[in-house]
Amino acid sequence: MNDTSSGTSVSAVKDQVRVRMAPSPTGYLHIGGARTALFNWLFAKHHNGRFILRIDDTDAARSTDESMHEIYDALKWLGINWDEQYVQSERRGIYDDYVAQLLASGNAYHCYCTPEELEEIRAQARADKQTRSYDRRCRHLTSEAVESFVTEGRKPTIRIKMPDTPIRVDDLVLGSRNIDPDTLEDEVIVRSNGMPNYNLTSIIDDVEIQITHVVRGTEHLNNTPKQIAIANALDLKIPQFAHIPLVLDSGGRKMSKRHHGDLVAVNRYREQGYLPEAMLNFVVRLGWSYDDKQEIFSVDELVEKFDLARVGKSGSVFDIKKLEWLNSHYINQLDVAARTDAVIPFWQKEGLLDSTEDRAWLESIVEAVGERLTTLQDIIPQTRYFFTGEFEYEPKAVKKWWGNSEEKRDNTRQILTNVLQILEESPTFDIETLEAAIWKYTDKNNIKRVAAMQALRIALTGTSFGPSLFDIVVLLGRNEVLKRIPKAITHL
RNA sequence: GCCGCUAUCGUCUAGGGGUUAGGACGGGUGGUUCUCAGCCACCAAACCGGGGUUCGAAUCCCCGUAGCGGUACCA
């Protein structure tokens with residue numbers, strides 16, 4: 001409210017900032033939607049305003065309850081809470097009143113064209129290289145014509161009559177421009193079944209619920225002059241607009257459910273073990289930056305620093321590598337207890353935990369894994385062998401470290417046999433003692449440490465990578481280790 | 001086809017009339033180490049093209065070009 005640094009005209013607005021996110025419940029929340037929500041939410045928080053959730057469900061055929069709840073879930077998971085909520089299907093009366101007004105003032109008219117006719121008109125317009133695809137033929141229907149359509153049983157749509165003067169669009173991100181009225185379509189604002197359409201309901205609600213700033217994706221840019229025209233015809237005061245650039249795939253195309261499936265679903269990332277903090281931090285940097293050095297932002301910092309004036313104009317590519325980097329950063333930020341809490345559901349889902357494991361042991365495992373997690377899901381390949389001796393010996397690792405000739409394998413068997421004996425006879429089973437004993441053995445016999453260790457690692461874990469091997473040995477415990485080594489020797 | 005938007009390393013971006021065009025992710029090399037990850041050091045990597053304006057243009061203007069978005073009785 002006292003913002004002088006924003007660079008937008010927000011500072012001039014006396015009233016409270018009110019922004020909204022208006023998803024249509026026709027699927028899950030996707031990355032682009034999450035970013036729109038986040039930008040709006042941050043803008044609201046930054047200005048001490050209100051963030052409103054509006055469910056744009058005027059398309060009854062495609063809207064589902066299930067989808068609505070998925071969107072709620074995803075938003076809540078991200079920590080994007082809303083102060084008010086509206087559902088368009090419950091507000092039908094409001095739209096009907098405005099439509100009646102539009103009809104009465106002559107700013108809207110009934111259109112009796114059938115979908116087939118419209119398609120023909122469109123095809124013709126295109127062939128003629130026309131700017132508009134509807135020729136406005138129903139603007140001036142004689143009463144006889146109307147009557148015959150009605151007796152034919154045709155149900156009309158209602159179209160808005162576009163003005164013949166330019167429409168000025170001011171955009172906080174893209175700047176201002178005038179739209180040539182010749183390019184404007186007499187949009188259908190009410191379907192023949194009586195349901196109002198997006199361009200009508202959207203602007204009416206924005207005005208009705210007193211939205212001060214409409215922050216949405218640039219796919220809506222062409223809708224803006226149409227919506228302004230509707231508001232003008234109704235003599236309504238329009239909000240400010242800010243169109244934010246699209247989120248693109250690696251090929252530079254808009255990310256969409258249609259083309260990318262659940263690759264764009266926020267919930268998918270949640271299931272894979274991405275942290276909401278990482279998602280937020282990642283997504284906010286798609287199109288927004290603070291300065292030339294900061295990449296990591298806490299939510300509080302974002303609220304403090306977010307500014308529409310620093311939103312770029314061009315689309316940004318979704319780069320999973322960067323998300324992964326941020327995610328591992330935020331996972332590593334968690335202390336061992338919190339990280340253990342975060343990882344337990346993943347062990348459970350994998351069926352690795354049967355409630356006999358004690359907390360201290362689990363925390364030790366997480367401690368040993370250290371900074372090796374990119375996603376929480378990574379805990380599975382990193383730690384499966386702690387919970388079960390039933391694993392495959394990874395072929396590539398076997399070939400490299402156990403050897404691919406009979407001679408080399410004999411050698412490995414010998415090493416493992418010796419190591420087994422050392423571990424068996426060690427008076428205590430702690431890292432220092434074992435390490436000293438093993439090093440003594442390898443150095444004395446001129447065996448490369450790495451060779452012995454990797455041979456043992458594969459015997460114990462099936463893989464050639466992972467935490468410090470002495471951590472693993474101790475965490476597995478003497479009994480288990482003494483079982484796994486002979487098994488490996490037999491398998492060799 | 002028509003309408004619109006955009007254009008800095010592969011990616012996210014900083015900058016913006018005079019800079020060695022900066023950072024980060026990713027990539028590469030070396031070091032540390034029982035492996036991997038990490039960490040440390042270093043390297044490669046960009047102003048779409050052409051015209052102006054100007055002493056000077058990546059930056060301002062124009063024109064191209066390319067990419068993308070929209071073009072529904074979807075939102």
Side-chain angles (χ1 to χ4, degrees), chain A residues 22-26 56-59 61-63 111 113-115 118-119 122 125-133 155-159 171 174 177 179-180 182-185 187-195 197-199 201-202 216-225 243 245-246 248 250-254 282 285-296 310 312-326 328 332 369-374 378 382 397 401 435 438-439 442 448-458 461 463-470:
Chain A
S24 66
T26 56
D56 281 11
D57 59 347
T58 54
D59 187 352
R62 296 199 309 150
S63 301
C111 170
C113 297
T114 63
L118 289 172
E119 205 166 312
R122 250 194 311 271
R126 192 167 173 146
D128 295 344
K129 302 192 177 188
Q130 292 292 309
T131 298
R132 283 192 300 253
S133 62
K155 295 261 184 282
T157 61
I158 297 172
R159 286 181 185 270
D171 191 286
L174 296 172
R177 66 220 151 86
I179 303 301
D180 181 350
D182 291 343
T183 68
L184 264 20
E185 211 74 67
E187 215 67 29
V188 171
I189 53 173
V190 179
R191 301 172 171 88
S192 56
N193 68 7
M195 280 300 282
N197 257 342
Y198 167 76
N199 276 308
T201 60
S202 185
R216 57 176 27 158
T218 49
E219 70 264 34
H220 288 294
L221 198 53
N222 294 316
N223 289 324
T224 306
H243 287 92
L246 265 13
L248 313 170
S250 56
R253 291 172 163 278
K254 175 183 160 187
F282 172 67
R285 290 285 288 99
L286 258 27
W288 176 85
S289 64
Y290 178 64
D291 59 18
D292 65 340
K293 41 180 172 298
Q294 189 169 0
E295 291 289 345
I296 307 287
R310 292 197 64 86
K313 299 179 181 183
S314 53
S316 4
V317 173
F318 178 98
D319 179 15
I320 190 75
K321 290 289 186 191
K322 182 128 180 217
L323 209 207
E324 288 176 351
W325 170 72
L326 281 164
S328 66
N332 296 338
V369 168
E371 301 195 333
R372 271 167 270 252
L373 300 178
T374 295
D378 287 347
Q382 285 282 353
W401 296 108
E435 189 171 333
I438 300 277
W439 288 167
T442 53
K448 278 190 188 152
R449 288 180 174 188
V450 63
M453 293 302 274
Q454 286 298 77
L456 179 60
R457 178 182 293 281
I458 295 164
T461 73
T463 67
S464 60
F465 62 89
S468 165
L469 193 47
F470 291 107

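Below, chains carry the letters A, B, ... as their sequence lines are ordered, and counting in each starts from 1. All values reported here derive from a predicted model rather than from experimental measurement.
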Rounding to an integer number of Å, can you tell me how far A/W325 CH2 sits from B/rC12 P? 16 Å
Pair partner, B/rG69 [Watson-Crick or wobble, under 3.5 Å]: B/rC3
Let's test your reading of the model: under 3.5 Å, does the base of B/rG23 pair with the side chain of A/Q294 as donor and acceptor? no
Produce a footprint string for nucleotides 27-38 of chain B: one letter per nucleotide, 5' end first; B if the base is under 4.0 Å from any protein heavy atom, S if only the sugar-phosphate is, - if neither. -------BBBBS
pair_partner(B/rG38), Watson-Crick or wobble, both distances < 3.5 Å, evaluates to B/rU32
By the definition side-chain contact (heavy atoms from CB on, under 4.5 Å), identify the one residue from A/I189, A/N223, A/D59 that meets it with A/Y198. A/N223
Searching all strands shown, indicate the nucleotide that pairs with B/rC74 (Watson-Crick or G-U wobble; both distances under 3.5 Å). none
Take A/Y290 and A/T131, find for each the nucleotide of RNA chain B with the closest heavy atom, and name the residue whose nucleotide sits nearer the 5' end. A/T131
How many Å lie between CG on A/L286 and P on B/rC25, as a whole number? 16 Å
Surrounding OH of A/Y290 (heavy atoms of other residues, nucleotides or ligands, distance under 6.0 Å), is the total greater than 12? no
Measuring from atom CZ of A/R310 to atom CG of A/D291, what distance do you get when rounded to the nearest 0.5 angstrom? 7.0 Å
Whole angstroms only, please: what is the CD-P distance between A/E324 and B/rG26? 9 Å
From NZ of A/K313 over to P of B/rG4, roughly how many Å is that when rounded to an integer? 16 Å
Can you check the distance between B/rC5 and B/rG50, where both ends of the measurement are the P atom (answer in whole Å)? 25 Å
By nearest atom, which of the nucleotides B/rG22, B/rG15, B/rG23 is closest to the A/D292 side chain? B/rG22
Considering Watson-Crick and G-U wobble pairs with both distances under 3.5 Å, what does B/rA14 pair with? none
Sequence neighbours excluded, the answer for side chain to side chain contact (heavy atoms under 4.5 Å, CB included) partners of A/E119 is A/R122
B/rC5 OP1/OP2 closer than 4.0 Å to side-chain N/O of A/S314: no
Using a 4.0 Å heavy-atom cut-off, write out nucleotides 63-75 of chain B from 5' to 3' as B (base contacted by protein), S (sugar-phosphate only) or - (no contact). -----SBS-SBBB
Give A/E295 one of three labels, base, sugar-phosphate or nothing, depending on what nucleic acid heavy atoms sit under 4.0 Å from its own. base
Indicate, with a heavy-atom threshold strictly under 4.0 Å, whether A/R132 touches base, sugar-phosphate, or nothing. nothing
Suppose we define a pair by two distances each less than 3.5 Å, Watson-Crick or G-U wobble; what does B/rA57 pair with here? none
Need one value for A/G370: base, sugar-phosphate or nothing, where a base atom within 4.0 Å counts as base even if backbone is also close, heavy atoms only. nothing
Taking a pair as Watson-Crick or G-U wobble with both distances under 3.5 Å, which nucleotide is matched to B/rG27? B/rC43
